[in-house]
Novice: 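My questions will all concern the structure given below.
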Amino acid sequence: MSRIGEAIIVVLLLLATTGASWAQDIDAGKKVFARCMACHDAEKGINKIGPTLKGVIGRAAGSQAGFNYSAAMKKAGTAGLVWDEQNISEYLADPKAKVPGNKMAFPGLKDPQQIKDVIAYLKSVSG
């Protein structure tokens with residue numbers, strides 16, 4: 001094999017390996033979500049200090065039955081905020097900026113990969 005052929009194989013392997021790190025990772029997301037478990041459940045469907053996040057994908061903000069949301073979160077849901085990947089991503093990055101006046105004390109996740117991974121985990125438990 002020529003040096004050019006070897007170089008192409010190395011580049012392709014590097015691209016394949018690097019690309020995999022950009023993908024969403026459910027297991028990594030579950031580990032990051034461990035920080036959230038003091039306030040949120042995602043698997044049993046029970047409300048805790050925060051609402052359950054089981055089935056959150058596609059749900060209107062402030063609409064989980066049996067949870068006492070802030071007026072700001074209820075208003076956001078009434079105004080049309082639905083928890084899709086984009087909105088959850090923005091919320092996880094800066095909850096107070098996405099929904100000013102909400103009750104969540106967590107300041108947000110700063111690592112974009114962790115946000116993607118948490119979303120992958122939440123999607124995995126949405127059914």
Novice: Side chains of L53 and F33: does their closest heavy-atom pair fall under 4.5 Å?
Specialist: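 Yes, close enough: below the 4.5 Å cut-off.
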Novice: So which heavy atom on Y69 is nearest to which on P51, and how close?
Specialist: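 Nearest heavy atoms, Y69 then P51: OH-CB, 3.3 Å.
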Novice: Are V118 and I49 connected into the same hydrophobic cluster when the rule is that any two of I, L, V, M, F, W, Y join if their side-chain heavy atoms are below 4.5 Å apart?
Specialist: no
Novice: Is there a path from V125 to M37 through hydrophobic residues (I, L, V, M, F, W, Y) whose side chains come within less than 4.5 Å of each other?
Specialist: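 Same cluster.
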Novice: Scan for side chain to side chain donor-acceptor pair (under 3.5 Å) pairs involving residues 98-111, sequence neighbours excluded, and state none if there are none.
Specialist: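 Every pair satisfying side chain to side chain donor-acceptor pair (under 3.5 Å) with a residue in residues 98-111: N87-K98, E90-K98, Y91-N102.
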Novice: Please enumerate all residues that pass side-chain contact (heavy atoms from CB on, under 4.5 Å) together with A93, with sequence neighbours excluded.
Specialist: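 For A93 the side-chain contact (heavy atoms from CB on, under 4.5 Å) partners, ignoring immediate neighbours, are I115.
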Novice: Are M73 and V82 connected, step by step, through hydrophobic side chains (Ile, Leu, Val, Met, Phe, Trp, Tyr) whose heavy atoms are closer than 4.5 Å?
Specialist: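 No; V82 is not reachable from M73 via cluster members.
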Novice: Hey, could you give me each pair passing salt bridge (Lys or Arg N to Asp or Glu O under 4.0 Å) that has a residue in residues 68-89? Not counting sequence neighbours.
Specialist: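 Every pair satisfying salt bridge (Lys or Arg N to Asp or Glu O under 4.0 Å) with a residue in residues 68-89: E85-K123.
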Novice: Counting N and O atoms only, with roles assigned by atom type, does the side chain of D117 sit under 3.5 Å from a partner on the main chain of D25, one being a donor and the other an acceptor?
Specialist: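 Side chain of D117 to backbone of D25, a donor-acceptor pair under 3.5 Å: yes, one is there.
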Novice: Using a 3.5 Å distance criterion without hydrogens, assess whether the side chain of N47 forms a donor-acceptor pair with backbone atoms of H40.
Specialist: no
Novice: For I26, enumerate each residue passing the side-chain contact (heavy atoms from CB on, under 4.5 Å) test, keeping only those at least two apart in sequence or located in another chain.
Specialist: A120, Y121, S124
Novice: Which pairs with one or both residues in residues 31-48 pass salt bridge (Lys or Arg N to Asp or Glu O under 4.0 Å), sequence neighbours excluded?
Specialist: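 Residue pairs passing salt bridge (Lys or Arg N to Asp or Glu O under 4.0 Å), neighbours aside: K30-E43.
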Novice: Looking only at heavy atoms, which two atoms of T52 and G45 are closest? And how far apart?
Specialist: OG1-CA, 3.3 Å
Novice: What residue pairs, at least two apart or across chains, pass side chain to side chain donor-acceptor pair (under 3.5 Å) with a residue in residues 55-64?
Specialist: R59-Q64
Novice: Would you compute the distance between atom OG of S70 and atom CE of M104 and round it to the nearest 0.5 angstrom?
Specialist: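 So the OG of S70 and the CE of M104 are separated by 11.0 Å.
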Novice: I'd like to know if I46 and W83 are part of one continuous hydrophobic network [Ile/Leu/Val/Met/Phe/Trp/Tyr, side-chain heavy atoms within less than 4.5 Å].
Specialist: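 No; I46 is not reachable from W83 via cluster members.
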Novice: If you take all heavy atoms of A72 and V99, which pair is closest and at what distance?
Specialist: O-CG1, 3.8 Å
